[in-house]
A.B. asks: 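Below you'll find the structure I mean.
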Amino acid sequence: MRILVVGGAGYVGSTSVETFVDAGHDVTVYDDLSTGHAAAVVRPARLVRGSIEDRQKLQQLLRSERIDAVLHCAAKSLVGESLADPGLYYRSNVAGGVSLLEAMRGAGVNRMVYSSTAAVYGEPRRVPIAEADRTEPINPYGATKLAFEGAMRWFAASHEFRAISLRYFNVAGATERNGEDHDPETHLIPQVLRVATGEATHVQIFGQGYPTPDGTCIRDFIHVRDLGTAHLLALEATAEGDSSLEVYNLGSAAGFSVREVVEAARKVTGRGIAARVVKRRMGDPPVLVASSRRARRELGWQPEHSKLEQMLADAWAWRLTHPAGYSRQPRTDGLTLDRGSSEPRGERPASRSASASA
Ligand code: UDP
């Protein structure tokens, strides 16, 4: 398959690129590098820098690379930020996504897999959550992801378009090459590991008194490697069938509380990790746990790495081998990148088309 990964320099996208490349697929990454890292794009995948809102550039690229299917994981994805700046979320996640859909339509590409989120459900009435359960997001992040699902659904109704939306929950772990390096970092596991390395004095537990056994929020963590496999299975599933949008939850069906994550990290790292309870964070549902029965049954997906200890161990190993994240990270070909540089020095020439130069 010739796959375009939009947002392929980010944490989820770059690890999926590894899965696709290892499976022998031809991969092009399109990313604006606003939060992603050029060094995260493994060879022989090609990196093209551009905005998701640049429909013309996208359309030209889809054509010149003769793309068969698109994995779309370019999105703003922080709940807190979305509450502070909903406009940014509607612009990137909805308007940007529609620009990609129109570019695909213009280029005659009609297969898409979308990185969606459990945040579309809001505060679930029951757990584990099934795909048909009510979607009532409680923050702009979830609302914009759901709005884009709506756009895909209407594209499938009005045009020839086969799409799969994967709603997943908390992604964790790392591969040998790629891991989590956000700036600012807000996610629980990286924050906990920052305390283990001594970069922070303590982790903040955002609220207690939630209706859960230990009073802290419960989340369903999935290994980023298992996500890569799911993305590949979903891309393959869009090869044939009726025009449609199918929705699948991806999760490990086991939730862990914030306190359990901290405790497990103490064991895995062998380091003391101080934790302090602070006030609740706005927009946090108490429990998010997915039923991924449908994905297992219909896509044949089987999470293999999503034990909490393994996710923590892999994230910890990546942190120890990449103490400065991606900054000054050598690429496999020996080139070096500085954080903030827009392109790797010596990036191989954009031989395929003018638009393939970033
Ligand atoms: N959390 C926390 N302290 C942190 C970061 C997160 O207590 O420093 C909690 C957060 O309130 C939520 C859970 O950990 O209940 C997962 O949050 P995260 O930001 O990692 O992912 P989200 O569920 O928002 O996608």
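Each ligand, and each atom within it, is numbered from 1 in the order the structure gives.
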A.B. asks: Are any of the side-chain nitrogens in Arg294 or Glu246 under 4.0 Å away from the carboxylate oxygens of its partner?
C.D. replies: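 Glu246 and Arg294: salt-bridged.
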A.B. asks: Please determine if Asp26 and Arg46 form a salt bridge, counting it only when a charged side-chain N lies under 4.0 Å from a carboxylate O.
C.D. replies: yes
A.B. asks: With nothing but distance in play, are any N or O atoms of Asp284 less than 3.5 Å from an N or O of ligand 1?
C.D. replies: yes
A.B. asks: Please check if the side chain of Trp316 supplies one atom and the backbone of Ala265 the other of a donor-acceptor pair under 3.5 Å.
C.D. replies: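 Not a single qualifying donor-acceptor pair exists.
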A.B. asks: Using a 4.0 Å cutoff against the non-hydrogen atoms of Gln191, which atoms of ligand 1 qualify?
C.D. replies: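 That gives atoms 8 (O) of ligand 1.
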A.B. asks: Go through it in stages, so that I can follow the logic: the residues are Glu53 and Arg91, the test is side-chain contact (heavy atoms from CB on, under 4.5 Å), and I'd like the CA-CA distance, side-chain angles, deciding distance and then a yes or no.
C.D. replies: CA-CA 9 Å; Glu53 287 164 69; Arg91 216 165 42 245; 4.1 Å; yes
A.B. asks: Ignoring angles and geometry beyond distance, decide whether His187 reaches within less than 3.5 Å of ligand 1 through its nitrogen or oxygen atoms.
C.D. replies: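 So ligand 1 has no N or O lying under 3.5 Å from an N or O of His187.
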A.B. asks: Does the cation-pi check pass for Arg105 over Phe155, that is, NZ or CZ under 6.0 Å from the six-membered ring centre and within 45° of its axis?
C.D. replies: no
A.B. asks: Evaluating non-hydrogen atoms only, which member of Arg281, His202, Arg219 is closest to atom 17 (O) of ligand 1?
C.D. replies: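 Checking each option, the heavy atom nearest atom 17 (O) of ligand 1 is found in Arg281.
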A.B. asks: Using a 4.0 Å heavy-atom threshold (strictly under), name the region of Thr186 that reaches ligand 1: side chain, backbone, both or neither.
C.D. replies: backbone
A.B. asks: Determine, for Glu102 against Arg55, whether the closest basic-nitrogen to carboxylate-oxygen distance falls under 4.0 angstrom.
C.D. replies: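 Looking at Glu102 and Arg55, the cut-off is met.
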A.B. asks: With backbone taken as N, CA, C and O and side chain as the heavy atoms from C-beta onward, which portion of Leu188 lies under 4.0 Å from ligand 1: side chain, backbone, both, or neither?
C.D. replies: both
A.B. asks: Compute the shortest N/O to N/O distance between Phe206 and ligand 1 and return yes if it is under 3.5 Å, no if not.
C.D. replies: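 Checking ligand 1 against Phe206, an N or O pair does fall under 3.5 Å apart.
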